[in-house]
2 protein chains.
Amino acid sequence: MMLSQTEENYLKAIYSLAYANSNNVSTTLISEAIKTKASSVTDMIQKLAEKDLVHYKKYQGVSLTEIGQKIAVEIVRKHRLWEVFLLNKLDYNWDEVHELAEQLEHIKSETLIDKLEAFLEFPTHDPHGDPIPDKEGNIKHHNDTMLSSVETGKSCIVIGIKDSSDPFLKFLDKLQIQLGNTLKVISKEPFDNSMLVETTIGSISISNQISKNIFVKNL
Amino acid sequence: MMLSQTEENYLKAIYSLAYANSNNVSTTLISEAIKTKASSVTDMIQKLAEKDLVHYKKYQGVSLTEIGQKIAVEIVRKHRLWEVFLLNKLDYNWDEVHELAEQLEHIKSETLIDKLEAFLEFPTHDPHGDPIPDKEGNIKHHNDTMLSSVETGKSCIVIGIKDSSDPFLKFLDKLQIQLGNTLKVISKEPFDNSMLVETTIGSISISNQISKNIFVKNL
DNA sequence: ATTTATTTTTAGACTTATCTAAATTATTTT
DNA sequence: AAAATAATTTAGATAAGTCTAAAAATAAAT
Ligand SMILES: [Mn+2]
Ligand SMILES: [Mn+2]
Ligand SMILES: [Mn+2]
Ligand SMILES: [Mn+2]
């Protein structure tokens with residue numbers, strides 16, 4: 001099946017929205033993610049339904065079919081492998097790779113992405129800690145433990161970033177928080193749910209907005 | 001100036017046709033190169049003329065403006081650097097890289113291609129021996145000496161391939177002729193202009209069709 | 001249970017890039 | 001120089017993806 005970049009972007013958006021929201025994905029939600037009008041989304045999901053890539057009943061939202069899901073995961077795989085390439089080989093920063101990967105993920109080839117994967121020595125996660133699906137589409141999601149839920153006095157390791165937006169990543173750079181870092185929760189402030197955290201550069205105060213967007217593994 | 005992939009492809013086609021034909025490029029020639037109808041080409045060149053990327057007078061064909069030329073060379077640069085990447089880093093064969101580079105050359109980024117160039121350690125030529133333009137758009141064309149014009153008894157080095165089509169490259173693979181190889185012309189057959197050539201695997205007969213598509217440097 | 005507000009879909013229009021068929025201009029041949 | 005042929009352009013149509021505005025359906029509020 002030969003899909004346009006636009007169709008691929010819709011499938012990818014539906015995939016991540018479905019993952020974040022669990023139930024059927026609404027037209028409006030997609031339109032916000034893709035930055036189009038709801039009417040355009042309706043047109044497209046009807047086209048995708050026609051191609052058996054989404055389940056769709058009028059006014060009920062959509063969910064991916066098995067084949068739709070498979071394609072979406074393939075695009076996620078490409079996206080994340082390209083991100084690794086840009087960071088590891090071309091010296092980009094982790095806040096710069098996403099935009100470029102949005103283009104590179106649409107390169108069509110039977111062999112390219114597997115060769116790229118081998119060249120990168122089979123990375124398991126992208127620069128933001130997101131898992132990279134394997135060739136067969138298997139993907140190991142990390143358990144959603146956020147820094148915000150770590151108990152006082154306990155330590156943890158940063159394994160991922162939920163919000164991979166440019167400003168958030170730049171902010172983490174400023175705090176010198178990176179994947180693999182060990183963080184220790186010194187105290188929590190009940191008033192605004194901020195926490196005092198021991199990092200590699202000393203103890204800093206982190207707002208709840210930040211701490212609930214950092215995936216960690218408890219030690 | 002933000003151009004579509006299609007517009008970029010037209011500029012690139014006009015660039016290489018102008019290089020091969022020296023004078024104004026005709027509508028039909030472009031239509032054959034891009035595999036569209038002549039009427040589509042007329043539409044597009046009028047659009048490109050509107051954007052000051054080509055000089056165009058009705059029925060007179062087109063030539064690139066300075067800015068059009070600059071953009072075309074940038075695309076050629078991207079194309080050839082991606083070809084090098086695919087061959088050197090991802091282990092593709094020289095007959096497989098062109099198709100993929102046709103897609104990769106359209107990735108939009110201010111920084112990507114320069115970082116890629118550095119990563120590849122500033123290659124000067126692509127896998128087919130074509131020169132890679134530098135950041136400023138300077139390009140050193142090799143002097144057009146073809147194997148067919150090498151005198152009997154003289155030796156030469158293969159420095160490029162004029163026809164970079166899949167079947168021709170595969171054929172050269174079969175003859176084990178590669179860039180950098182030394183070839184010695186043993187004899188020429190006046191009847192069909194074929195020549196007996198000493199190669200790395202022994203002496204073989206090469207037709208004029210072949211020998212006039214191989215760029216060489218005389219020793 | 002109505003009314004109101006929100007979401008979703010339809011209808012019609014626009015843009016880009018393409019095509020076919022017809023008209024126009026340029027080039028060759030006689 | 002006129003006729004025939006070839007190349008080029010115009011006119012009108014189509015498909016993909018988007019938009020606005022209006023209609024229809026669903027959800028929320030009274
Ligand atoms: Mn990303
Ligand atoms: Mn990522
Ligand atoms: Mn090429
Ligand atoms: Mn090449």
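The structure presented is a predicted model; accordingly, all values stated were derived computationally and were not measured.
Here the C1' atom of nucleotide D:dA16 and the CG atom of A:L48 are 13 Å apart, to the nearest Å. Going from atom CD1 of B:I45 over to atom P of D:dT9 covers 5 Å, rounded to whole Å. In this structure, CD1 of A:I30 is placed 14 Å from C1' of C:dT9, rounded to the nearest angstrom. Nucleotide C:dA11 holds its P atom 10 Å from the CD atom of A:Q46, rounded to whole Å. A:L3 places its CG atom 13 Å from the P atom of D:dA16, with the value rounded to the nearest Å. Rounded to an integer number of Å, the gap from CD of A:E50 to P of D:dA15 is 14 Å. Here the P atom of nucleotide D:dA27 and the CG atom of A:N23 are 12 Å apart, to the nearest Å. As a whole-Å value, the separation of A:E7 CD from D:dT18 C1' is 14 Å.
If you check the side chains of A:S63 and A:Y56, you find no donor sitting under 3.5 Å from an acceptor.
The salt bridge (Lys or Arg N to Asp or Glu O under 4.0 Å) contacts involving residues 86-99 of chain B comprise B:D95-B:K170, where partners must be two or more places apart or lie in separate chains. For residues 117-127 of chain B, the side-chain hydrogen bond (donor to acceptor under 3.5 Å, both in side chains) pairs, not counting sequence neighbours, are B:R77-B:E117. A salt bridge (Lys or Arg N to Asp or Glu O under 4.0 Å) check over residues 127-136 of chain B, counting only residues at least two apart or in different chains, returns the pairs B:D114-B:K135.
Aromatic ring centres of B:H79 and B:H98: separated by under 6.0 Å. The aromatic ring centres of B:F85 and A:F85 sit less than 6.0 Å apart.
Heavy atoms of B:T6 sit under 4.0 angstrom from primed sugar atoms or phosphate atoms, though from no base atom.
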Enumerate the protein-to-nucleotides 19-24 of chain D contacts in which both atoms are nitrogen or oxygen and the separation is below 3.5 Å.
from	atom 1	to	atom 2	distance (Å)
D:dC19	OP2	A:K37	N	2.9
D:dC19	OP2	A:S40	OG	2.9
D:dT20	O4	A:S39	OG	3.0

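Residues of residues 99-108 of chain A that place a heavy atom closer than 4.0 Å to DNA chain C do not occur.
Residues B:E105 and B:K12 are paired through a salt bridge, judged by an N-O separation under 4.0 Å between the basic side chain and the carboxylate.
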Taking distance alone, no hydrogens or angles, what donor-acceptor pairs closer than 3.5 Å link side-chain atoms of residues 67-75 of chain B to residues at least two apart or in another chain?
from	atom 1	to	atom 2	distance (Å)
B:K70	NZ	B:E74	OE2	3.2

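In terms of phosphate contacts, B:K58 brings no side-chain nitrogen or oxygen within less than 4.0 Å of OP1 or OP2 of D:dA7.
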